*Asks:* 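Just dropping this structure here.
This one's a predicted model, so the numbers in the text were calculated from it and none came from an experiment.
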Amino acid sequence: MNVITRFAPSPTGFLHMGGVRTALFSYLYAKQNNGTFALRIEDTDKARNKTEWETALIDDLSWLGLKHDTFSRQSDRIEIYSKYIQKLIINGSAYISKEIPKEEGQRHEVIRFKNPNKVVVINDLIRGEVRVDTTDLGDFVIARSFTEPVFHLAVVVDDFEMGITHVIRAEEHLSNTPRQILILEALGAPRPVYAHLPLVLAPDKSKLSKRKHGETVSLTYYRNKGYLPESIINFVALMGWNPGTDQELFSLDELIAKFKLEKVQKGGAIFNINKLNWINREYIRKLSNHSFADHIVPFIPEWLKTNDGLFIKLLPLLRKKINAFGDLAAILSQEGELGFVKDLKSYEPDILRWKKNPDFQITQRHLLAVKKLLENLGKGDWQVPKLTTSLWPYALEHGKGDVLWPLRVALTGQERSPDPFTCANLLGKEETIRRIDIACQKILTIHPTNQ
RNA sequence: GGCCCUAUCGUCUAACGGCUAGGACAUCGCCUUUUCAAGGCGGUAAUCGGGGUUCGAUUCCCCGUAGGGUCACCA
């Protein structure tokens, strides 16, 4: 059997993480069976659809690497639905119903499905057998008019016409399935295999929604924050599925190979940003230096983009300090940990003192000694190993903390920063000396008698 | 409320009916260290409750409880 799956979003909003996972699982299942992955835009609700959403949806999916093999849009297929509506009316499965509109925009005449009031048994691949008595569904509406089909009708017709073999969708559709099966039977269409995925939940355990949880549930949010698509794919795959081994990191190809629809969890999974962050850090770590550099360019400030030398030296440091590329702006800002590479912010002279030996005089003596050692270094020697070896003996002799702490604070104006050798290297000889002078100056203004 | 689904550490989850209930994230501690991170090593932490079935239940059944989904001329 040639497997055909579909992802069928409606363009009424952004793609959220739950949708990403639904798309992923449908994609994986199709691909691992050498099948077809169809993207179908379900835009039968004219009032809510927007083409911007459709464009964004397609863009998001391609960014994730979930390429669809076929594409369709329900609004392009109105005539087809119309044909089926007529067929249903002719064979007695549906009828035109006179109505009293309850809301604005409602019709005086709609097309209702004649409910046979039977028990439908669904054999869900994930949930097993689910039995539903469709009697309480009543004669539900399948179209507002011959040219305006409603969701259920359009879905059934499309799945039939497109030869969808596996309907993989979120659990919220489980309650819709019985009525879709009723329509399908009235059409004499074969029944696809159903697999209803557990929901992706917000921390409050409710279904992800923009109204309730804001934009933090949208894929766009994470794209803009600078998460890698492979991280998102990996993370989302692990919500509701696992390989049965201890492996946590998977490429898309590995997922295609190892994914098992039957192993998908039944219960909903809460979206856990910590795990996403960890996965993304792992992927960032795997990036080549060159690739990392390319990725971060859109996220770094102008002044760094135009300073190639500094940019290159900063690369390994930046890589270790972020969850996502979007964190870079804060780290490189005036208040950030690496902001000192651009400007030395003002700081209290107090923090120049090493806590275990808080003596200004000694602090200053060490700074001056270090300055002298550094001044002897040529610009060609201004590399981290060379800087280290030139200061190390002195630091060992007088106490590493006593020497290195004041130097580091002098260079950065901060209590927390990379090591002083790295800092000196980043700043260059001239600026390093200048900042040591500034530190000494600060101490002088507090203890003028020292000299 | 009716119908449907679900239930293992805080979170994601593993465990042919037979284990000291395993892993990952988070958290905590230790090591390393001039600081912060990173890194290394360890620790704390779970089978919703009650009945069955069984020599034996996380696992199977029933009843509760809790959570969720769905009840549109939205998808």
*Asks:* In whole Å, what separates the C1' atom of U58(B) from that of C19(B)?
*Replies:* 12 Å

*Asks:* Within the 4.0 Å heavy-atom criterion, would you say Arg285(A) contacts the bases, only the backbone, or no part of the nucleic acid?
*Replies:* sugar-phosphate

*Asks:* Across the strands shown, which category fits Asp43(A) at heavy-atom distances under 4.0 angstrom: base, sugar-phosphate, nothing?
*Replies:*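 The residue Asp43(A) makes no contact with any strand.
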
*Asks:* Less than 6.0 angstrom separating the ring centers of Phe311(A) and Phe292(A), yes or no?
*Replies:* no

*Asks:* Base, sugar-phosphate, or nothing for Arg127(A), non-hydrogen atoms under 4.0 angstrom?
*Replies:*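 Sugar-phosphate: the residue Arg127(A), judged by heavy atoms under 4.0 Å, touches backbone atoms but no base.
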
*Asks:* If you pin Asp45(A) and Asn242(A) to their nearest nucleotides in RNA chain B, which one's is more 5'?
*Replies:* Asn242(A)

*Asks:* Could you say whether Trp241(A) or Asp204(A) is positioned toward the 5' end of RNA chain B, judged by the nucleotide with the nearest heavy atom to each?
*Replies:* Trp241(A)

*Asks:* Looking only at side-chain atoms of Arg416(A), point me to the closest of A24(B), A75(B), C36(B).
*Replies:* C36(B)

*Asks:* Heavy atoms only, 4.0 Å cut-off, all strands: where does Pro9(A) land among base, sugar-phosphate and nothing?
*Replies:*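 Touches nothing.
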
*Asks:* Which is true for Thr44(A) with a 4.0 Å heavy-atom rule: it touches a base, it touches only sugar-phosphate, or it touches nothing?
*Replies:*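 Sugar-phosphate, no base atom in range.
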
*Asks:* With a 4.0 Å cut-off on heavy atoms, is Gly240(A) in touch with a base, just the backbone sugar-phosphate, or nothing at all?
*Replies:*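 Contact class for Gly240(A): sugar-phosphate only.
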
*Asks:* May I ask you to check whether Tyr29(A) and His166(A) place their ring centers less than 6.0 Å from one another?
*Replies:*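 Yes, the ring centres sit under 6.0 Å apart.
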
*Asks:* Establish, yes or no, whether a centroid distance under 6.0 Å links the rings of Phe151(A) and His173(A).
*Replies:* yes

*Asks:* Contact class for Glu99(A) (heavy atom, under 4.0 Å): base, sugar-phosphate, or nothing?
*Replies:* base

*Asks:* Give one of base, sugar-phosphate or nothing for Lys321(A), where a contact means two heavy atoms less than 4.0 Å apart.
*Replies:* base

